[in-house]
Amino acid sequence: NVQGTLSEMAAVMLDVDDHVQWAYSTKSNTLLKKTNDADLYFYTEMNSPWPLSNRDLIVHLLLSQDPSSKIMTIEETEVPDYIPEKKSIVRVPVSKAVWTVTPVNKKTININYQIEVDPGGGVPAWVVNMFAARCPFESFKNLRTQIKLEKYHLGAPSFITNQ
């Protein structure tokens, strides 16, 4: 559970430039295309521990809300061929994440996060295990702080209904 509203969570997720502030290991993000307010593509580069090369991926983010239950779903799907690969950075071949965000009350949301990822290249098991353990923990810890920023309250998208 996180203190915040559905629209504040949507605002955080749609502010891809600031994902570096809360998403674990994110080096940079760049918005590539905005189809509409709830459908966009962005490029992200992630820091990898030495001696591995950094990873990158192109994410198609699609945000939707069920009108009756108010449950918000954020789907992030890798689009590996959207832009050419960069030298010395390994392209993540498979990544699919689903955030299911349910209102608990007026000031609290419940977030269920599921991800499937193939980091690409030869990644030792210890690195995969480290990221599997630290990534969600650190990201959610940072998200709890990020969602409280005034800009997400003031800039919350109007197409999301909180209750």
Side-chain angles (χ1 to χ4, degrees), residues 2 4-49 52-66 71-102 109 111-121 123 127-128 130-132 134-161:
V2 173
T5 65
L6 293 169
S7 58
E8 289 166 342
M9 179 65 181
V12 169
M13 295 301 293
L14 294 170
D15 184 11
V16 297
D17 291 338
D18 268 7
H19 284 199
V20 297
Q21 303 299 321
W22 64 271
Y24 181 73
S25 189
T26 300
K27 180 180 178 180
S28 66
N29 273 7
T30 306
L31 180 64
L32 299 174
K33 178 183 177 183
K34 187 173 181 179
T35 306
N36 62 48
D37 289 342
D39 184 355
L40 52 90
Y41 294 80
F42 65 94
Y43 171 84
T44 186
E45 181 180 346
M46 296 164 293
N47 291 312
S48 295
L52 300 175
S53 298
N54 282 357
R55 298 311 198 247
D56 73 356
L57 65 154
I58 297 81
V59 178
H60 178 208
L61 185 149
L62 186 59
L63 193 146
S64 61
Q65 184 177 38
D66 181 279
I71 293 173
M72 181 172 67
T73 304
I74 304 153
E75 296 177 84
E76 295 180 307
T77 307
E78 161 71 356
V79 188
D81 297 326
Y82 194 83
I83 62 172
E85 293 184 29
K86 296 181 177 183
K87 291 182 180 179
S88 75
I89 299 177
V90 176
R91 177 66 45 91
V92 172
V94 176
S95 178
K96 173 143 176 77
V98 177
W99 304 71
T100 306
V101 188
T102 306
I109 54 176
I111 303 170
N112 180 289
Y113 176 67
Q114 297 178 359
I115 186 167
E116 172 190 344
V117 65
D118 174 355
V123 179
V127 174
V128 173
M130 178 186 73
F131 272 84
R134 290 193 75 185
C135 185
F137 177 78
E138 295 295 331
S139 293
F140 273 91
K141 183 175 78 172
N142 296 335
L143 178 61
R144 288 178 192 276
T145 303
Q146 192 75 12
I147 200 169
K148 292 177 184 176
L149 296 179
E150 186 176 357
K151 71 178 183 173
Y152 298 119
H153 177 70
L154 298 175
S158 60
F159 59 87
I160 296 296
T161 305

Is any side-chain heavy atom of [Y] closer than 4.5 Å to one of [X]?
X    : Y    : value
D39  : H60  : yes
S25  : N47  : yes
I74  : L61  : yes
Y113 : F140 : yes
L143 : M9   : yes

Testing the basics here: between [X] and [Y], what is the closest heavy-atom pair and its distance to 0.1 Å?
X    : Y   : result
I109 : T5  : CG2-C, 3.7 Å
I160 : A10 : CG1-CB, 4.0 Å
P80  : I58 : O-CD1, 4.4 Å
D56  : Y43 : OD2-OH, 2.9 Å
I147 : G4  : CD1-CA, 4.2 Å
M13  : V16 : O-CG1, 3.8 Å

Between N112 and T100 (side chain of the first, backbone of the second, donor and acceptor by atom type, cut-off under 3.5 Å), is there such a pair? no
Closer than 3.5 angstrom, by distance alone: can the side chain of T26 be matched with the main-chain N or O of A23 as a donor-acceptor pair? yes
For a salt bridge (charged side-chain N to carboxylate O under 4.0 Å, His left out) check, start with the C-alpha distance between D18 and K151, then their side-chain angles and the critical distance, and finish with the verdict. CA-CA 11 Å; D18 268 7; K151 71 178 183 173; 2.3 Å; yes
Between E116 and K96, does any side-chain N to carboxylate O distance fall below 4.0 Å? no
Rounded to the nearest 0.5 angstrom, the CE-OG1 distance for M72 and T161 is 11.0 Å
How far does OG of S139 sit from CD1 of I111, to the nearest 0.5 angstrom? 11.0 Å
side-chain contact (heavy atoms from CB on, under 4.5 Å) involving S53 - partner list, sequence neighbours excluded: R55, V90
Given the options L6, I71, T73, Q65 meets side chain to side chain contact (heavy atoms under 4.5 Å, CB included) only with L6
Validation row, ring centre F42 to ring centre H19 under 6.0 Å: yes
Distance only, no hydrogens: is a donor on one side chain within 3.5 Å (strictly under) of an acceptor on the other, for [X] and [Y]?
X   : Y    : value
Y24 : N142 : no
T44 : N29  : yes
W99 : E76  : yes

Using the salt bridge (Lys or Arg N to Asp or Glu O under 4.0 Å) rule, pick out the option among R91, K86, K27 that qualifies with E45. K27
Can you check side-chain contact (heavy atoms from CB on, under 4.5 Å) on Y41 and V79, steps first, answer last? CA-CA 9 Å; Y41 294 80; V79 188; 4.1 Å; yes
Carefully, step by step, assess L57 and M46 under the rule side-chain contact (heavy atoms from CB on, under 4.5 Å). CA-CA 9 Å; L57 65 154; M46 296 164 293; 3.1 Å; yes
Could you walk me through whether T35 and L40 pass side-chain contact (heavy atoms from CB on, under 4.5 Å), step by step? CA-CA 6 Å; T35 306; L40 52 90; over 6 Å; no
Worked verdict on K87 versus I89 for side-chain contact (heavy atoms from CB on, under 4.5 Å): CA-CA 6 Å; K87 291 182 180 179; I89 299 177; over 6 Å; no
